[in-house]
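Structure, as structure tokens:
Just follow the structure's listing: the first ligand is 1, and inside any ligand the first atom is 1. Keep in mind it's a predicted model, so treat the numbers as computed, not measured.
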Amino acid sequence: MAATGPALPAGAVTRFAPSPTGLLHLGHAHSALFGRALARRAPGRGRFLLRTEDIDAGRCRPEFAAAIEEDLAWLGLEWERPVRRQSEHMGEYRAALDRLAARGLLYPCFCTRAEIAREVAAAGHAPHGPEGPPYPGTCRRLSRAERNARLGRGEPHALRLDMAAALAGTQARDLSFEELAEGRIPADPAPFGDVVLARKDVPASYHLCVCHDDALQGVTVVTRGADLKPATPLHRLLQTLFGWPEPLYAHHALLADAAGRRLAKREGAPSIRSLREGGHSPAAVRALAGFPDRR
Ligand code: GLU
């Protein structure tokens, strides 16, 4: 039991929300087992959900989504069905974006990556945000006439959050989040700048969809890797703007190999499938993923 920080809520709803861009590896298995462990540990027994975060059709594949479910089942996990697949709900994300647009909090951005890079370089030493240098705001300053003309011509555009306008609302001041075992942590989303909430190629974004779905699915404990902890201040802002409930956060340390290197896919972490084909048992893989069975 942690000395400080909030307790797990009774009947906690946790989740594992992979993007099916490849096979499940040990780091993913750790994350999934972590979500399940917290649901099990919650007073009154919690619930564990699986969600497929596949809005990026260019990178996600249905065969990987199927393989992930198969590998998780082989590992001994169970989850509620049907599994929510984000790609089937694009209209809901669109409706959420419309709500922000109606409040004047979104604007279309026609810039290419190269244009943004040039502007950032020209501006000199711009502060670095959690996702790189914040957007310089070029399209925020377009006149209404030019904006409408470019929209009228069907120019491809992203939708960006007007961060200053969003923060001007009194409800968005003094944000914080509650981290299991740590307690309340101040959250300042301003360094994100005018983040993209709908991409040019995908009419939604990770940040929007993850907050939307955690709220819709009644997730009360957001269980995920510490690599996503820096995104939490922005998620708290989105939850506040939409009036969605505030979940508790439980970020787990990323699984490292014996040499202390992060077990990420690109660094050659073994897939669950290769371990299984190499003769490992589910219990052996659970142990490798940091969750040995209790004796
Ligand atoms: N879909 C995200 C990923 O695979 C995780 C989202 C989350 O847990 O908040 O990295």
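With a 4.0 Å cut-off on non-hydrogen atoms, V222 does not touch ligand 1 at all. Contacts with ligand 1 closer than 4.0 Å are made by side-chain heavy atoms of Y206 only, the backbone lying farther away.
Of the protein's heavy atoms, L228 CD1, 4.2 Å lies nearest to atom 10 (O) of ligand 1. At the shortest separation from atom 5 (C) of ligand 1 among protein heavy atoms lies A17 O, 3.3 Å.
An N or O contact shorter than 3.5 Å links R15 to ligand 1 by distance.
With sequence neighbours excluded, the residues forming a side-chain hydrogen bond (donor to acceptor under 3.5 Å, both in side chains) with E63 are R61, listed by chain and number.
Look at H28 and you'll find every heavy atom at least 4.0 Å from all atoms of ligand 1.
Residue pairs that meet the salt bridge (charged side-chain N to carboxylate O under 4.0 Å, His left out) test with at least one member in residues 6-35, sequence neighbours left out, are R15-D214.
The OG1 atom of T14 lies 11.5 Å from the CZ atom of F16; values are rounded to the nearest 0.5 Å.
For the pair E246 and R184, the salt-bridge criterion is met [side-chain N within less than 4.0 Å of a carboxylate O].
A donor-acceptor pair is defined here as one N or O able to donate and one able to accept, closer than 3.5 Å; such a pair exists between the side chain of R103 and the backbone of L241.
One hydrophobic cluster, built from ILVMFWY side chains closer than 4.5 Å, holds both Y93 and V195.
Among E53, Q86, R51, the residue whose heavy atom lies closest to atom 6 (C) of ligand 1 is E53.
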